[in-house]
Amino acid sequence: MARSEGWYSIKGSAPQAQQPNRNMSSVSLPIDGTPGWELEARAALRSPTVTTPFGFQSTADQVIEGVDLSGRCAVVTGASSGIGIETARALAKAGADVTLAVRNLQAGQEVARAIRASTHNHCVQARLLDLSDQNSVRAFAAEWRGPLHMLVNNAGVMALPELQRSAEGWELQLATNFIGHFALTQHLHRALAEAGGARIVSLSSSGSLFAPVLFGDPHFRFLPYTPFVAYGQSKTACALLAVEVTRRWAQDGIFANALNPGAIATNLQRHTGGLKSPPERHKTVQQGAATSVLLAASPLLDGIGGRYFEDCQEAQIVSERTVDFSGVAPYALDPDAAVRLWGLALKWIA
């Protein structure tokens, strides 16, 4: 017997998230809306820390087991390779209508066919989306019809060896990883609000530990370009997007969380010579997609937003970069930085 939980249903009993008590009474969140908005956003953003029954070795199928997503719609960007494919496949296996938003449409269509065949879910399609091209982002969003329950901002580029710029003159890693996803999220706001309890998943990275957002020179017009600093900035921006989406849009039933998927060998490392982390920290693609799928569809995350996860758990805030690159820097969850970045990004895409 399945029971209804929001816009999904659960077959049998589902695991419960544990939220250890942690006093955050001294934290002040800059929330400037109606009393209802303030209460909703504070409840999503505040402590206690979220823990789940899953961990480093959990797979995408395991974290979504027993969840029925029939009739629910998902968009996964960058779903023609790597963990994007596995994220889309797991959501489709659970019954969701899944759109693969991809830059290479032919590759995306081949992946969609394979997912349809393996899951017996015929509601899987590929659509063109180039996140570095604002016209492409606007066209994708303009063609969307109906509610959108899950938006997984998965696509990205990493550590481009030379400074490259978008047509607008933006540094290309920031343009693709953050600005493109910010614009997509903005343009799909109405569809997300229509869903009633929509989830946005923002793919960050342990690379965020390399740099905060460089508000003084985000596009390296003066600073010397460094591939990993630029990458780190873009991934910090992705985490801040989740913070501010939740603060602003919780009143619309929209919650966003960020995550570090872990070390997975994919095309993302084509400019870095492969994975540099210890072998014991490497994940399979199935394990790498688990946290994305958890945040997108698990009932354990109902009403939770503005957080940063890794290994299917809420990450610890760290005071310095750790040897194993675990945890999240305070600047990646700074509400003031999130507000500032939102305003700046609105000007960029205006």
Side-chain angles (χ1 to χ4, degrees), residues 17-31 41-52 54-56 156 158-159 173-174 177-178 201-218 223 226-247 256-263 272 275-278 280-283 288 291 294-295 301 304-342 344:
Q18 299 176 3
Q19 300 187 342
N21 189 27
R22 184 176 66 185
N23 184 9
M24 292 281 284
S25 59
S26 62
V27 175
S28 176
L29 297 177
I31 297 175
R42 282 184 181 273
L45 287 162
R46 72 188 180 200
S47 64
T49 301
V50 176
T51 62
T52 79
F54 307 109
F56 178 90
M158 179 182 182
Q173 292 186 81
L174 189 65
N177 298 348
F178 170 68
V201 180
S202 189
L203 271 286
S204 184
S205 165
S206 61
S208 64
L209 296 169
F210 280 110
V213 174
L214 308 173
F215 286 107
D217 187 19
L223 291 170
T226 305
F228 274 100
V229 170
Y231 179 66
Q233 170 183 237
S234 73
K235 288 303 183 177
T236 293
C238 291
L240 292 173
L241 175 60
V243 173
E244 189 63 4
V245 161
T246 300
R247 190 186 76 87
N257 289 290
L259 72 124
N260 166 25
T272 67
L275 296 176
K276 304 300 183 183
S277 53
E280 62 271 16
R281 296 298 301 167
H282 294 181
K283 291 185 177 183
T291 307
L294 179 84
L295 299 184
L301 274 296
I304 299 296
R307 315 286 187 100
Y308 184 101
F309 289 75
E310 60 187 4
D311 298 338
C312 299
Q313 306 289 337
E314 186 173 357
Q316 293 296 312
I317 297 174
V318 297
S319 59
E320 62 182 0
R321 191 166 65 239
T322 55
V323 174
D324 63 355
F325 288 86
S326 63
V328 58
Y331 56 68
L333 294 173
D334 180 359
D336 294 328
V339 171
R340 185 179 181 185
L341 179 62
W342 186 281
L344 188 59

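Every side-chain hydrogen bond (donor to acceptor under 3.5 Å, both in side chains) that Asn177 has, sequence neighbours left out, goes to Ser234. Glu244 is linked by a side chain to side chain contact (heavy atoms under 4.5 Å, CB included) to Arg247, Arg248, Ala338, Val339, Trp342, counting only residues two or more places apart in sequence or in another chain. Thr322 is linked by a side-chain hydrogen bond (donor to acceptor under 3.5 Å, both in side chains) to Asp324, counting only residues two or more places apart in sequence or in another chain. Not counting sequence neighbours, the partners of Phe210 by the side chain to side chain contact (heavy atoms under 4.5 Å, CB included) test are Phe228, Arg321, Phe325. In terms of the side chain to side chain contact (heavy atoms under 4.5 Å, CB included) criterion, residue partners of Ser205 (sequence neighbours excluded) are, by chain and number, Tyr231, Lys235. Checked against side chain to side chain contact (heavy atoms under 4.5 Å, CB included), Arg340 has the following partners two or more places apart in sequence or in another chain: Phe215.
Contact of the Leu259 side chain with the Tyr308 side chain is not registered, since no non-hydrogen atoms from C-beta on lie closer than 4.5 Å. Counting heavy atoms from C-beta on, the side chains of Phe54 and Leu294 come closer than 4.5 Å. Counting heavy atoms from C-beta on, the side chains of Gln313 and Thr52 come closer than 4.5 Å.
Remark: side-chain polar atoms of Ser206 are not paired, donor with acceptor, to backbone N or O of Ser326 under 3.5 angstrom. A donor-acceptor pair under 3.5 Å is formed between the side chain of Gln173 and the backbone N or O of Pro227. Of the possible polar contacts, none joining the Gln316 side chain to the Val328 backbone as a donor-acceptor pair under 3.5 Å is found. A donor-acceptor pair is defined here as one N or O able to donate and one able to accept, closer than 3.5 Å; no such pair exists between the side chain of Glu310 and the backbone of Gly262.
Rounding to the nearest 0.5 Å places OG1 of Thr226 at 11.5 Å from CD of Gln233. Going from atom OG1 of Thr49 over to atom CZ of Arg307 covers 7.0 Å, rounded to the nearest 0.5 Å. Remark: Thr236 OG1 to Leu209 CG distance equals 7.5 Å, nearest 0.5 Å.
Closest heavy-atom contact between Pro261 and Ser204: CD-O, 3.7 Å. The nearest pair of heavy atoms linking Ala256 to Val245 is CB-CG1, 3.6 Å.
If you run side chain to side chain contact (heavy atoms under 4.5 Å, CB included) between Phe178 and each of Leu241, Leu240, Val213, only Leu241 comes through. Here the options are Val201, Val243, Leu301, the test is side chain to side chain contact (heavy atoms under 4.5 Å, CB included), and the partner is Asn257; only Leu301 passes.
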